[in-house]
Asker: 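Sending over a structure as structure tokens; questions will come in a sec.
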Amino acid sequence: MNRYAGGLWGLLIGDALGVPYEFNPPDNLPPMEQLEMTPPHGFRKTYSGVPEGTWSDDGAQALCLLESLLDCDQLELNDFSKKMVLWFTQGLWTPDGVVFDIGIQTQSALRAIQRGVPPEESGNLNPNGKGNGSLMRTLPLALWHPGSDRDLVLDAHRQSLPTHGHPCNQICCAWYCLTARRLLEGEPFSTAYRHTVDGIRSIYHDMPVYLTIFESFEPDEPMQGTGTGYVIDCLKSAFMVLGRTSNYETAVRQAIALGNDTDTTACVTGGLAGILYGLENIPPRWMDAMRGKDSINNLLKRLTRWRSTN
């Protein structure tokens, strides 16, 4: 389970590491070697009252998803959505019950769910919304999923629906989850990437709308990203960084150094890097700084037990 724990902790630590730097252009950031949980003296944190080692909406929603999967033994959108609403309203799966960051589209969708809109429809209230709010939380689906690659892809689509219903968002979640599965199987990143692209094309063979959108992402071209909140740019940023780094620390620092949506880019990158390099490759100083470790480790124990019997 080393890779599984590495994935979840990699996601949370990348998120927490990026929180102080969010919304800054790359030129405003400290030098890459100074990107730490506590920024260097003179740098103004984005969230002045948030203690170091605190994950944001990215990590909290991912934990809501993992808990829902373990509670229900399946992806159950009503339960998952209820947990996200509890996060939004009561701080579920935050270290201290405080929600300090939420995307505009996610907030609108969760308010719609509170009004009774079904979670299969709530993410389409902004039909052209292509933010990275469902991509950032989707990794637990790959850590949990017992089904086929096709089943994983279709569940990744469904996981996106409550907040981000556009096929572009669904495809990015599927691409990410299938890549994570290949990494969990021990493949190096370049091999996992190639196998995932081939797998996505095969699965989308009878889903022409999805295949056309996927091909528009130019998956055979070198990945280039700028760390923004646009979902395909976020995913390409993570793939770009993973393709040119060789350890967890460098990967998440490079993700943050892109600037802009630093917590989510580092979260998305960190989840895959944590799987790829394992829990032991995450710097102990960052792990020591994290809050809420007992609750996360208890959830990981539940995941371990679930996987051992399924």
Side-chain angles (χ1 to χ4, degrees), residues 1-24 28-64 66 87 91-101 136-137 139-140 143 227 238 241-242 245-259 261-301 303:
M1 292 294 292
N2 178 276
R3 293 183 187 273
Y4 292 82
L8 187 61
W9 274 117
L11 178 158
L12 294 169
I13 289 171
D15 179 9
L17 190 70
V19 161
Y21 309 101
E22 190 178 12
F23 305 132
N24 279 279
N28 284 7
L29 295 175
M32 195 172 69
E33 64 274 11
Q34 296 181 24
L35 296 172
E36 291 286 345
M37 293 283 185
T38 300
H41 180 72
F43 181 83
R44 184 175 180 179
K45 296 196 306 180
T46 303
Y47 302 100
S48 59
V50 174
E52 71 172 39
T54 303
W55 60 81
S56 71
D57 54 335
D58 308 41
Q61 289 183 44
L63 296 171
C64 287
L66 181 53
W87 159 72
L92 178 66
W93 283 112
T94 64
D96 47 19
V98 176
V99 175
F100 60 88
D101 189 16
M136 69 190 190
R137 66 176 185 244
L139 180 64
L143 301 179
V241 168
L242 289 164
T245 54
S246 58
N247 60 75
Y248 179 86
E249 181 172 345
T250 304
V252 293
R253 277 180 159 173
Q254 284 201 17
I256 293 167
L258 294 172
D261 198 3
T262 53
D263 60 331
T264 301
T265 310
C267 166
V268 172
T269 303
L272 295 183
I275 295 172
L276 183 59
Y277 301 116
L279 184 64
E280 70 279 359
N281 193 248
I282 296 175
R285 70 185 185 280
W286 290 349
M287 181 65 79
D288 291 344
M290 291 298 290
R291 308 171 69 209
K293 286 193 282 289
D294 287 345
S295 61
I296 304 308
N297 287 329
N298 287 335
L299 198 58
L300 280 168
K301 288 176 183 176
L303 176 62

Asker: How close do Trp55 and Ile296 get, heavy atom to heavy atom, and via which atoms?
Answerer: CH2-CD1, 3.7 Å

Asker: Hey, does Thr54 have a side-chain heavy atom less than 4.5 Å from the side chain of Tyr47?
Answerer: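 A side-chain contact is absent here, since even the closest heavy-atom pair is not under 4.5 Å.
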
Asker: How many angstroms lie between CG in Leu300 and OH in Tyr4, if you round to the nearest 0.5 Å?
Answerer: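 Nearest 0.5 Å value for the CG-OH distance: 12.0 Å.
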
Asker: Report yes if some heavy atom in the side chain of Leu143 is under 4.5 Å from a heavy atom in the side chain of Ile275; otherwise report no.
Answerer: yes

Asker: Which word best sums up how the rings of Tyr248 and Trp286 line up, parallel for under 30°, tilted for 30 to 60°, or perpendicular for over 60°?
Answerer: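 Rings of Tyr248 and Trp286: perpendicular, over 60°.
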
Asker: Could you report the tightest heavy-atom contact between Gly14 and Ala266, atom names first, then the distance?
Answerer: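 Residues Gly14 and Ala266, closest heavy atoms: O-CB, 3.2 Å.
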
Asker: Quick one: pull up OG1 in Thr38 and CZ in Arg285 and give me the separation to the nearest 0.5 Å.
Answerer: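 The distance works out to 11.5 Å.
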
Asker: Indicate yes or no: at least one non-hydrogen side-chain atom of Ile13 is less than 4.5 angstrom from one of Val252.
Answerer: no

Asker: Is there a side-chain contact between Met136 and Asp57 (heavy atoms, below 4.5 Å)?
Answerer: yes

Asker: I need the Asp294 CG to Leu299 CG distance, nearest 0.5 Å.
Answerer: 12.5 Å

Asker: List the steps and the verdict of side-chain contact (heavy atoms from CB on, under 4.5 Å) for Asn24 and Thr262.
Answerer: CA-CA 8 Å; Asn24 279 279; Thr262 53; 5.9 Å; no

Asker: Report the residues that fulfil side chain to side chain donor-acceptor pair (under 3.5 Å) with Glu280, sequence neighbours left out, ordered by chain and then residue number.
Answerer: Asn2

Asker: With sequence neighbours excluded, what pairs up with Arg44 under the salt bridge (charged side-chain N to carboxylate O under 4.0 Å, His left out) test?
Answerer: none

Asker: side-chain contact (heavy atoms from CB on, under 4.5 Å) between Leu63 and Leu12: does it pass, once the steps are laid out?
Answerer: CA-CA 9 Å; Leu63 296 171; Leu12 294 169; 4.2 Å; yes

Asker: Name the one of Thr245, Leu242, Leu258 that satisfies side-chain contact (heavy atoms from CB on, under 4.5 Å) with Thr269?
Answerer: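 The single option meeting the side-chain contact (heavy atoms from CB on, under 4.5 Å) with Thr269 is Leu242.
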
Asker: Can you give me the closest heavy-atom contact between Val19 and Thr46, atom names plus distance?
Answerer: O-CB, 3.8 Å

Asker: Any carboxylate oxygen within less than 4.0 angstrom of a Lys/Arg side-chain nitrogen, looking at Glu52 and Lys45?
Answerer: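 No, this pair does not count.
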
Asker: List for me each residue that meets salt bridge (charged side-chain N to carboxylate O under 4.0 Å, His left out) alongside Asp96, sequence neighbours excluded, and say none if there are none.
Answerer: Arg291

Asker: A side-chain contact here means heavy atoms from C-beta on lying under 4.5 Å apart; do Trp9 and Met290 qualify?
Answerer: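 A side-chain contact under 4.5 Å exists here.
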
Asker: Report the C-alpha separation of Glu36 and Arg253 in whole Å, then their side-chain angles, then the decisive distance to 0.1 Å, and conclude whether the side-chain contact (heavy atoms from CB on, under 4.5 Å) test is met.
Answerer: CA-CA 9 Å; Glu36 291 286 345; Arg253 277 180 159 173; 2.6 Å; yes

Asker: Pick from Asp101, Thr264, Asp263: which one makes a side chain to side chain donor-acceptor pair (under 3.5 Å) with Ser56?
Answerer: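 Among Asp101, Thr264, Asp263, the one that satisfies the side chain to side chain donor-acceptor pair (under 3.5 Å) with Ser56 is Asp263.
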
Asker: Can you tell me how far CD of Gln34 sits from NE2 of His41, rounded to the nearest 0.5 angstrom?
Answerer: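 Here the rounded value is 12.0 Å.
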
Asker: Any heavy-atom pair between the side chains of Arg137 and Asp58 that's under 4.5 Å?
Answerer: no

Asker: Taking C-beta and beyond as the side chain, do Tyr277 and Ile282 meet within less than 4.5 Å on heavy atoms?
Answerer: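 Sidechains of Ile282 and Tyr277: no contact.
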
Asker: Decide if atom NZ of Lys293 counts as having more than 12 heavy atoms of other residues, nucleotides or ligands within a radius under 6.0 Å.
Answerer: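 Yes, enclosed.
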
Asker: What's the spacing between Arg3 CZ and Leu279 CG if we round to 0.5 Å?
Answerer: 12.0 Å

Asker: For a quick test of reading the model, state the closest non-hydrogen atom pair linking Leu11 to Gly59 and the distance between them.
Answerer: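 The pair with the smallest heavy-atom distance is CD2-CA, 3.9 Å.
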
Asker: Can you name the nearest heavy-atom pair linking Pro20 to Ala16, along with the distance?
Answerer: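 Nearest heavy atoms, Pro20 then Ala16: CD-O, 3.4 Å.
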
Asker: Which heavy-atom pair separates Ala251 from Val241 by the least distance, and what is that distance?
Answerer: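 Closest approach of Ala251 to Val241, heavy atoms only: O-CG1, 3.2 Å.
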
